[in-house]
Amino acid sequence: MASVGPSAASTQPALPSGPAVFKTIPYAFMLPEIVCGTWVWILIAATSVSLPLLQGWVMYVSLTSCLISLLLLLSYLLGFHRNSENWKVLDSLYHGATAILYMSAAVLQANATINSEFGTNAPLNYQLNSAASFFAFVTTFLYILHAFSIYYQ
């Protein structure tokens, strides 16, 4: 009997560990996600928060996502996944859910930016809020790219 080719499971690409994480799509998106998300909450913290309910949600989403993404990145760097396929599902679900939360936060931040145009200390707060809105939408885009790249891998 002729030998059958490798099974479908063995042709799946292995999950990266160590420095290979930074060279593999979609895992290479993790560091920019963390950096852009960090800029969101730094820029909002630098403003005089005029709408605490809106910007509080943005701060919560950005800070929580940063911390969880950092833990996920560290787990990939240290090889905690042990090449289990369940990590791909976890990664895809996390990044998909975070993309949805970040989209809501980015829209609320854009609203806060519009409202800060004529407030107290308007030019500085408006510029900081504009930059925070920009980074919120960039971070949303990175999370969406990551989620779909995992899904189509």
Side-chain angles (χ1 to χ4, degrees), residues 9 11-117 119 123-153:
T11 60
Q12 295 271 336
L15 293 172
S17 292
V21 169
F22 300 114
K23 300 175 188 173
T24 310
I25 299 289
Y27 307 101
F29 294 133
M30 292 181 85
L31 194 57
E33 290 165 1
I34 293 168
V35 170
C36 289
T38 302
W39 272 112
V40 171
W41 60 268
I42 287 173
L43 288 165
I44 293 173
T47 67
S48 61
V49 177
S50 57
L51 300 164
L53 189 59
L54 297 181
Q55 290 181 306
W57 174 250
V58 178
M59 292 285 285
Y60 172 76
V61 168
S62 62
L63 187 58
T64 304
S65 301
C66 261
L67 293 176
I68 294 173
S69 293
L70 183 62
L71 289 174
L72 196 58
L73 177 62
L74 287 175
S75 66
Y76 279 122
L77 285 173
L78 299 175
F80 288 153
H81 55 75
R82 299 198 180 157
N83 214 17
S84 171
E85 288 298 312
N86 295 333
W87 277 80
K88 282 188 177 181
V89 174
L90 170 79
D91 194 88
S92 181
L93 289 175
Y94 165 70
H95 281 88
T98 304
I100 293 168
L101 292 174
Y102 241 110
M103 180 57 79
S104 72
V107 169
L108 290 175
Q109 179 57 34
N111 185 16
T113 301
I114 292 167
N115 290 332
S116 73
E117 187 173 7
L124 178 63
N125 281 336
Y126 181 73
Q127 291 167 354
L128 290 171
N129 280 322
S130 296
S133 295
F134 172 78
F135 280 110
F137 281 107
V138 167
T139 308
T140 301
F141 181 66
L142 287 169
Y143 276 107
I144 291 169
L145 276 179
H146 190 124
F148 280 113
S149 296
I150 277 274
Y151 182 73
Y152 287 115
Q153 192 177 38

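Computed from heavy atoms alone, side chains included, the values below leave out hydrogens, waters and symmetry copies. The chain is numbered in sequence order, starting from 1.
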Notebook entry, point to check: Is a donor on one side and an acceptor on the other found under 3.5 Å between the side chain of S92 and the backbone of K88?
Noted result: no
Next item on the list: Compare every heavy atom of A46 with every heavy atom of L128, then report the nearest pair and how far apart it is.
Entry: CD1-O, 3.7 Å
Next item on the list: Could you walk me through whether F29 and I144 pass the side-chain contact (heavy atoms from CB on, under 4.5 Å) test, one step at a time?
Entry: CA-CA 10 Å; F29 294 133; I144 291 169; over 6 Å; no
Margin query: Can you classify the ring geometry of Y143 versus Y102 as parallel (below 30°), tilted (30 to 60°) or perpendicular (above 60°)?
Written below: parallel
Next item on the list: Please examine the side chains of W87 and Y76, heavy atoms only from C-beta on, and report whether any two atoms are closer than 4.5 Å.
Entry: yes
Margin query: Measuring from atom CG of L73 to atom CD1 of I68, what distance do you get when rounded to the nearest 0.5 angstrom?
Written below: 13.5 Å
Next item on the list: Start with the C-alpha gap between T98 and S65, add the side-chain angles, then the distance that decides, and say whether side-chain hydrogen bond (donor to acceptor under 3.5 Å, both in side chains) holds.
Entry: CA-CA 7 Å; T98 304; S65 301; 4.7 Å; no
Check: Sub-3.5 Å donor-acceptor pair from the side chain of S75 to the main-chain atoms of L72, do we have one?
Finding: yes
Check: For Y94, does the OH atom sit with more than 12 other heavy atoms under 6.0 Å from it, leaving out its own atoms?
Finding: yes
Check: Between atom CZ of F135 and atom OG of S62, what is the distance when rounded to the nearest 0.5 Å?
Finding: 13.0 Å
Next item on the list: Go through the side-chain N and O atoms of S116 and N125 and say whether any donor and acceptor fall under 3.5 Å apart.
Entry: no
Margin query: Could you measure the distance from the CG atom of L54 to the CE atom of M59? Nearest 0.5 Å is fine.
Written below: 13.5 Å
Next item on the list: Taking all heavy atoms of A105 and all of V58, pick out the closest pair and write down the distance.
Entry: O-CG2, 3.2 Å
Check: Going by heavy atoms in the side chains, are D91 and H146 under 4.5 Å from each other?
Finding: yes
Checklist line | Worked check of side-chain contact (heavy atoms from CB on, under 4.5 Å) between N129 and Q109 | finding: CA-CA 7 Å; N129 280 322; Q109 179 57 34; 3.0 Å; yes
Next item on the list: Hey, could you give me the CG/OG1 distance between L43 and T47, rounded to the nearest 0.5 Å?
Entry: 8.5 Å
Item checked: Between OG1 on residue T38 and CD on residue E33, distance to nearest 0.5 Å -> 11.0 Å
Item checked: Reported OG-to-CE distance for the pair S69 and M30, which is rounded to 0.5 angstrom -> 5.5 Å
Next item on the list: Might you point out which heavy atoms bring A132 and V40 nearest each other, and give the distance in Å?
Entry: O-CG2, 4.0 Å
Check: Closest heavy-atom contact between G37 and T139?
Finding: N-OG1, 3.5 Å
